[in-house]
Amino acid sequence: MPELPEVETVARNVEPHIIHKTISRCEVSWPKTIATPSVEMFQKKIVGQKVNSVSRRAKFITIRLGQDSLLIHLRMSGDLVICNQDRAPQPHDRATIHFSDETRLVFNDPRKFGRLWLVNDPEVVTGHLGYEPLSPSFTVAILAQVLGSSHRNIKAFLLDQTQVAGLGNIYTDEALFRAGILPTRKTNDLSKKEVEQLHFAIRSVLEVGIAQNGASFDWVYRGGNFQNNFMVYQRNGQPCKICGEKITKARLGQRGTHYCLNCQK
DNA sequence: AGGGTAACCCGGACGC
DNA sequence: TGCGTCCGGGTTACCC
């Protein structure tokens with residue numbers, strides 16, 4: 001095996017390092033609720049299985065194995081690290097999957113919010129999810145349809161993974177700003193033009209976020225550079241980058257919600 | 001159906 | 001310096 005640099009990675013960078021490899025061993029060091037089914041079953045069943053493919057569904061990473069599928073949700077602070085056997089264990093390593101060629105896939109997660117599943121059918125985990133916003137099937141007409149069938153405020157709707165899947169608090173606030181829509185608006189009260197703007201905003205915000213490898217705030221919430229593109233998120237009290245008005249932060253649906261009262265209607 | 005709340009976590013920021 | 005308290009990310013459970 002050639003020299004393998006340690007890679008702090010995002011999902012789409014994992015595949016080339018693990019594809020077609022066979023799992024020889026698995027350690028889970030935080031045995032409370034991290035793994036489904038039980039940690040014991042997880043560790044036992046995963047050994048001997050070969051990686052067939054790596055894909056993504058909303059915020060879930062799906063690794064199809066010979067027999068089962070391994071699903072990973074990083075939540076906020078989770079990280080996947082590809083390394084060789086020389087890497088010393090780190091303080092927040094929660095699970096380590098060893099491959100027969102001595103390389104490893106380490107799940108590191110300071111906040112212990114991330115989750116792992118080993119299931120026969122990935123739909124058991126992801127079956128409840130709504131539309132994939134970057135999929136061609138997610139059209140303006142589809143968005144208009146799901147918005148029309150709900151009576152909630154748009155902020156809560158966008159966070160609901162069973163409707164449109166994959167937006168978290170940051171991307172919801174950023175998408176609503178870019179669409180010029182206040183987070184308190186009702187889903188079934190948006191004009192045709194606003195739905196079009198929202199559809200475009202959801203996609204572009206995710207595309208930029210993915211291109212930037214996500215956002216970093218500090219050493220825990222670390223990733224890429226999307227924070228440089230924040231228009232409203234965590235900018236409360238600061239001037240709007242478009243109109244100069246102070247960005248407002250309010251509590252909506254138990255979540256910090258950031259918006260510009262001038263740019264968003 | 002929608003909304004509100006609590007729980008799960010813990011490093012960091014803040015106040016005293 | 002040191003200690004206590006609160007925050008926030010995503011999700012589920014549960015209640016009204």
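Letters go in sequence order (proteins before strands), and every chain restarts at 1. Here the structure is a predicted model, which is why all the values come from computation and not from measurement.
- Checked against side chain to side chain contact (heavy atoms under 4.5 Å, CB included), A:Gln145 has the following partners two or more places apart in sequence or in another chain: A:Ile142.
- Distance, A:Arg115 CZ to B:dC8 P: 11 Å, rounded to whole Å.
- Two residues are said to be in side-chain contact when any heavy atoms from C-beta on lie closer than 4.5 Å; A:Leu206 and A:Pro133 meet this criterion.
- Every ring pair (Phe, Tyr, Trp, His ring centres under 6.0 Å) that A:Phe230 has, sequence neighbours left out, goes to A:Phe226, A:Tyr233.
- Separating the CG atom of A:Asn153 from the C1' atom of B:dA1 is a distance of 13 Å, rounded to the nearest angstrom.
- The side chain to side chain donor-acceptor pair (under 3.5 Å) contacts involving residues 167-181 of chain A comprise A:Lys155-A:Asn169, A:Lys155-A:Asp173, A:Asp173-A:His258, A:Glu174-A:Arg178, where partners must be two or more places apart or lie in separate chains.
- In terms of the salt bridge (Lys or Arg N to Asp or Glu O under 4.0 Å) criterion, residue partners of A:Arg25 (sequence neighbours excluded) are, by chain and number, A:Glu27.
- Residue A:Ser150 is the one, among A:Arg94 and A:Ser150, whose nearest nucleotide of DNA chain B lies closer to the 5' end (criterion: closest heavy atom).
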Mark up nucleotides 8-13 of chain C, 5' to 3', with B wherever a protein heavy atom is under 4.0 angstrom from a base atom, S wherever such an atom reaches only the sugar-phosphate, and - elsewhere. BBBBS-

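- Considering only residues two or more places apart in sequence or on other chains, A:Tyr259 meets the ring pair (Phe, Tyr, Trp, His ring centres under 6.0 Å) condition with none of them.
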Dump the pairs, protein N or O against N or O of nucleotides 4-6 of chain C, anything under 3.5 Å, distances to one decimal.
none

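- Phosphate proximity of B:dC8 to A:Lys112: absent, as no side-chain N or O sits under 4.0 Å from OP1 or OP2.
- With sequence neighbours excluded, the residues that form a salt bridge (Lys or Arg N to Asp or Glu O under 4.0 Å) with A:Glu132 are A:Arg56, A:Arg57.
- Applying the ring-ring contact (aromatic ring centres under 6.0 Å, His included) definition to pairs two or more places apart or across chains, those involving residues 107-133 of chain A are A:Phe60-A:Trp117.
- Between A:Ser77 and B:dC9 there is no side-chain N or O to OP1 or OP2 distance below 4.0 Å.
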